[in-house]
Amino acid sequence: MATPDFIRHLRNSIGRQLLWLPGVSAVVFDDQGRVLLGKRADTGGWSVIGGIPEPGEQPAETAMREVYEETAVVVVPEGVVLVETMPPTHYPNGDVCQFMDVTLRCRAVGGEAQVNDDESLEVGWFDLDALPELEEYALTRIKRALEAGPTWFHGMGEEPEGQQP
């Protein structure tokens with residue numbers, strides 16, 4: 001994920017200490033039920049598409065912008081899938097960030113999937129039964145996007161380990 005200019009300016013003031021940031025993830029499906037994934041340039045792993053909102057940008061706008069910037073696919077956000085605070089991320093340069101992720105389910109309405117910037121090594125559509133290796137983060141978002149239910153909030157509506165309803 002490329003670092004937005006406003007974060008670079010903040011880092012000039014606060015150094016490498018923990019920076020609390022919004023994040024938006026997009027789980028994009030096409031008319032065939034396939035999911036759009038990108039192979040990230042920073043980690044080399046496959047994942048759902050996502051990024052950091054620009055100041056004042058709405059989450060749906062961020063999802064649409066990030067998906068197009070990274071994959072050349074045009075999407076329409078359909079709903080909020082989940083809202084979750086992620087564990088802190090420690091970057092190789094010493095920066096520490098913690099993201100409040102809002103994940104949106106999106107429908108592809110145009111464009112052809114292709115690498116469209118320097119954040120992705122590859123992009124492509126995948127059948128749900130033929131996904132590449134994914135981190136739990138991405139698998140959870142895809143799973144929740146497939147469920148027909150209300151928005152999922154971490155810790156809400158789940159029973160603590162070892163307790164039955």
Side-chain angles (χ1 to χ4, degrees), residues 1-4 7 16-30 33-54 57-71 73 75-108 113 115-161:
M1 170 183 326
T3 304
I7 293 175
R16 304 210 181 285
Q17 67 182 312
L18 178 69
L19 183 58
W20 175 251
L21 292 168
V24 176
S25 298
V27 180
V28 180
F29 295 104
D30 67 5
R34 299 177 302 173
V35 65
L36 179 64
L37 300 174
K39 190 170 191 179
R40 298 174 55 106
D42 59 352
T43 66
W46 287 95
S47 192
V48 295
I49 309 303
I52 300 169
E54 295 293 332
E57 187 176 47
Q58 296 297 324
E61 294 171 324
T62 303
M64 293 166 56
R65 177 181 54 76
E66 287 289 341
V67 171
Y68 185 78
E69 283 178 0
E70 294 180 26
T71 70
V73 173
V75 300
V76 173
E78 295 182 321
V80 178
V81 172
L82 65 78
V83 177
E84 179 179 31
T85 299
M86 304 305 297
T89 300
H90 298 264
Y91 292 95
N93 69 355
D95 288 353
V96 181
C97 294
Q98 188 166 21
F99 293 93
M100 167 69 73
D101 182 64
V102 176
T103 299
L104 302 175
R105 178 188 170 108
C106 299
R107 179 174 38 90
V115 173
N116 207 33
D117 67 8
D118 60 357
E119 293 184 45
S120 300
L121 301 173
E122 297 177 55
V123 297
W125 293 103
F126 292 86
D127 290 319
L128 296 173
D129 60 357
L131 296 174
E133 184 176 335
L134 295 169
E135 291 187 23
E136 193 61 35
Y137 167 90
L139 289 171
T140 297
R141 277 143 184 74
I142 294 167
K143 176 185 171 191
R144 298 290 179 192
L146 291 167
E147 295 174 350
T151 302
W152 182 84
F153 298 96
H154 187 90
M156 303 297 298
E158 297 174 349
E159 295 298 321
E161 283 188 39

- Heavy-atom check, side chain of V96 versus side chain of T89, under 4.5 Å: no
- Query: Got a donor-acceptor contact below 3.5 angstrom from the T43 side chain to the G45 backbone?
  - Reply: yes
- Query: Under 3.5 Å, side chain of E61 to main-chain N/O of Q58, donor-acceptor pair present?
  - Reply: yes
- Roughly how far apart are R144 CZ and E84 CD, rounded to 0.5 Å? 9.0 Å
- Taking only residues two or more places apart in sequence, or in another chain, which ones meet T71 in a side-chain hydrogen bond (donor to acceptor under 3.5 Å, both in side chains)? none
- Donor-acceptor contact below 3.5 Å, side chain D30 vs main chain G33: yes
- Message: Could you check whether any side-chain heavy atom of C106 comes within less than 4.5 Å of a side-chain heavy atom of V27, counting everything from C-beta outward?
- Response: no
- Task: Just jot down the salt bridge (charged side-chain N to carboxylate O under 4.0 Å, His left out) partners of R105, sequence neighbours excluded, or say none.
- Result: E78
- Any side-chain heavy atom of V48 sitting closer than 4.5 Å to one from Y137? yes
- Item | Distance in Å, E147 CD paired with I142 CD1, rounded so as to fall on 0.5 Å steps | 12.5 Å
- d(D129 CG, R34 CZ) to nearest 0.5 Å is 12.0 Å
- Give the minimum heavy-atom separation between P59 and L104, together with the two atoms involved. O-CD1, 3.7 Å
- Message: Using 0.5 Å steps for rounding, measure from the CG atom of D42 to the CG atom of D118.
- Response: 10.5 Å
- Is the side chain of E57 donor-acceptor paired with the backbone N or O of E54 at a distance under 3.5 Å, no angle test? yes
- Message: Within the 4.5 Å heavy-atom criterion, are L19 and D95 side-chain neighbours or not?
- Response: no
- Do R40 and S47 have side-chain atoms, one donor and one acceptor, less than 3.5 Å apart? no
- Determine the minimum heavy-atom distance between G51 and T62, stating which atoms define it. O-CG2, 4.3 Å
- Would you mind reporting whether C97 and L18 have side-chain heavy atoms less than 4.5 Å apart? no
- Apply the side chain to side chain contact (heavy atoms under 4.5 Å, CB included) test between V81 and each candidate in T140, T151, T103; give the one that qualifies. T103
- Message: A side-chain contact here means heavy atoms from C-beta on lying under 4.5 Å apart; do V80 and L82 qualify?
- Response: no
- Within-4.5 Å side-chain heavy-atom neighbours: P87 and Q98: no
- Message: Determine whether the aromatic ring centres of residues W20 and F99 are separated by less than 6.0 angstrom.
- Response: no
- Task: Take N116 and Y68 through the test side chain to side chain contact (heavy atoms under 4.5 Å, CB included) and record every step on the way to the result.
- Result: CA-CA 8 Å; N116 207 33; Y68 185 78; 4.0 Å; yes
- Task: In sequence, state the C-alpha distance, the side-chain angles, and the governing distance for V67 and L36, and then conclude on side chain to side chain contact (heavy atoms under 4.5 Å, CB included).
- Result: CA-CA 9 Å; V67 171; L36 179 64; 4.0 Å; yes
- Query: Hey, does the side chain of D117 reach the backbone of E119 with a donor-acceptor pair shorter than 3.5 angstrom?
  - Reply: yes
- Between V73 and A108, the two heavy atoms sitting closest are CG1-CB, 3.8 Å
- Answer whether the closest heavy-atom distance between the side chains of L128 and F29 falls below 4.5 Å. yes
- One should read off an interatomic distance between L134 CG and W46 CH2, to the nearest 0.5 angstrom, of 9.5 Å
- Hey, are D101 and R141 close enough for a salt bridge, meaning a charged N less than 4.0 Å from a carboxylate O? yes
- Item | L121 to A41 - nearest heavy-atom pair and separation | CG-CA, 3.8 Å
- CG/L37 to CD1/I49 distance, rounded to the nearest 0.5 angstrom? 7.0 Å
